[in-house]
2 protein chains.
Amino acid sequence: MTLYIDKINNYIKCLDNETLNALQNISSTKQYKKGELLLRQDEVCTKSYLLQNGIARKYYLNGAKEITTELYFENDLAVSFDSYSLQQPSREFIEALTDVTVSITHYQAFQDAKAKYTKLLTLDLMFAEYYGIWVENRLFQFHTLTATERYLEILNKSPHIIQSIPLTIIASYLGISLETLSRIRAKI
Amino acid sequence: MTLYIDKINNYIKCLDNETLNALQNISSTKQYKKGELLLRQDEVCTKSYLLQNGIARKYYLNGAKEITTELYFENDLAVSFDSYSLQQPSREFIEALTDVTVSITHYQAFQDAKAKYTKLLTLDLMFAEYYGIWVENRLFQFHTLTATERYLEILNKSPHIIQSIPLTIIASYLGISLETLSRIRAKI
DNA sequence: AACGAAATTTGACTTAGGTCAAATAATGAG
DNA sequence: CTCATTATTTGACCTAAGTCAAATTTCGTT
């Protein structure tokens with residue numbers, strides 16, 4: 001999967017200046033403080049957020065419980081996928097877990113740019129494919145791995161997550177209770 | 001979500017003849033008998049299959065157990081998404097559950113056509129977005145609904161599934177054991 | 001109509017992980 | 001450095017769903 005990210009970044013790197021400028025022209029930088037929300041439930045996700053630094057997450061509420069659906073680090077693109085794609089209200093929040101700097105691009109501006117610069121359309125397709133594969137894989141792991149195995153998977157493949165994020169959020173990302181996560185960690 | 005399918009079908013309907021012809025020229029019809037595999041595990045998914053009639057499913061093996069990941073009816077597009085997108089070996093099988101007729105388009109031919117006809121690129125993006133949203137929603141349901149609620153969801157929104165598909169497969173699609181499904185049905 | 005295979009149901013028991021409550025750490029503001 | 005708050009751990013108990021095994025029911029084929 002990281003391969004696909006590399007492929008995307010490589011594609012961006014190789015964009016001609018005209019396309020690159022077009023992209024630049026519709027993007028702007030903004031900062032958020034730790035705890036601030038970049039997107040709220042029920043809002044339409046009209047922007048995409050490219051993390052330049054810091055950590056963020058996407059989550060939704062199941063009753064009173066938060067379920068974290070994605071964690072974002074430097075160079076990750078944060079959007080509520082369905083809300084952004086369909087321009088309909090989001091069930092998810094996007095929250096800064098640390099102070100973050102993001103590059104913001106408006107949905108409509110990007111739509112217009114895609115119509116003019118085919119390479120941006122291709123880029124959008126690459127993002128959509130990447131995300132689809134990523135979610136598919138996440139679902140696959142929920143079906144085939146136990147809680148312990150999922151934790152170990154993160155520990156091995158994404159140790160930065162364990163280091164930088166509170167256990168409550170990691171537990172909600174793994175789809176288990178905080179207590180269960182604590183017990184898993186005690187065993188290992 | 002059906003809205004998105006409508007949007008896609010509408011987009012196809014409104015394609016100019018040139019684009020439509022290009023698509024036609026790289027597609028061909030084929031029949032499979034009930035039980036035949038359109039795609040096997042470890043094969044690269046080099047074709048997309050548009051169901052013209054019949055029923056099919058996509059599944060993978062978790063040990064000895066089959067887990068059904070998607071059910072296809074008329075007008076659905078069947079591919080192993082990650083295998084197709086990355087042109088890498090598939091972990092999934094695609095199987096005809098009844099005799100089926102499909103319209104087959106080769107990956108490479110479609111790639112070439114997308115380069116020439118931007119509208120096909122847009123169409124591909126629409127499919128990718130649709131699939132991403134669909135999987136995201138499936139994951140959401142696994143996290144927020146009980147087995148019974150998931151069964152009721154299908155019963156309400158996709159009764160044709162319950163009618164036309166053996167319970168073993170429905171259970172594996174719901175991510176529960178056959179016995180549990182049987183007990184859920186007994187209660188209702 | 002009658003048999004054998006496959007599909008479905010029922011029963012008894014197990015288990016991964018959840019919940020609730022209480023006890024310890026750990027951390028950050030003054 | 002200290003207190004208060006927040007994060008994490010531990011304990012006791014519960015529950016949804018799984019597993020294994022044994023009935024039944026259904027259905028395609030003679």
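We name chains A, B, ... by the order of the sequence lines, and we start the count at 1 in each one.
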- Worked check of salt bridge (Lys or Arg N to Asp or Glu O under 4.0 Å) between B/Glu43 and B/Arg40: CA-CA 6 Å; B/Glu43 283 177 12; B/Arg40 264 161 249 270; 3.4 Å; yes
- Task: Compute the angle between the rotation axes at the two ends of the helix from C/dA1-D/dT30 to C/dG30-D/dC1, each taken over five pairs, rounded to 10 degrees.
- Result: 50°
- Sorted by chain and residue number, the side chain to side chain donor-acceptor pair (under 3.5 Å) partners of B/Ser80 (sequence neighbours excluded) come out as B/Asp82, B/Ser90, B/Glu92
Provide, to the nearest angstrom, the distance between the [atom1] atom belonging to [X] and the [atom2] atom belonging to [N].
X: B/Arg185; N: D/dT26; atom1: CZ; atom2: C1'; result: 13 Å
X: A/Lys187; N: D/dT8; atom1: NZ; atom2: C1'; result: 17 Å
X: B/Ile184; N: D/dA16; atom1: CD1; atom2: P; result: 11 Å
X: B/Lys65; N: D/dA17; atom1: NZ; atom2: C1'; result: 11 Å
X: A/Leu145; N: C/dA16; atom1: CG; atom2: P; result: 15 Å
X: B/His143; N: D/dA16; atom1: NE2; atom2: C1'; result: 17 Å

- Between A/His143 and the options B/Phe142, B/Tyr59, B/Tyr60, the ring-ring contact (aromatic ring centres under 6.0 Å, His included) test singles out B/Phe142
Find the distance between [atom1] ([X]) and [atom2] ([Y]) and round it off to the nearest 0.5 Å.
X: B/Tyr117; Y: B/Leu15; atom1: OH; atom2: CG; answer: 12.0 Å
X: A/Glu149; Y: A/Leu155; atom1: CD; atom2: CG; answer: 13.5 Å
X: B/Gln87; Y: B/Thr46; atom1: CD; atom2: OG1; answer: 6.5 Å

- Message: Atom CD of residue position A/Gln88 - does it have more than 12 heavy atoms of other residues, nucleotides or ligands inside 6.0 Å?
- Response: yes
- Would you say A/Val79 and A/Ile8 are hydrophobically clustered, going by side-chain heavy atoms of ILVMFWY under 4.5 Å? yes
- Looking at residues 156-183 of chain B, who's got a heavy atom less than 4.0 Å off DNA chain D? B/Gly175, B/Ile176, B/Ser177, B/Glu179, B/Thr180, B/Arg183
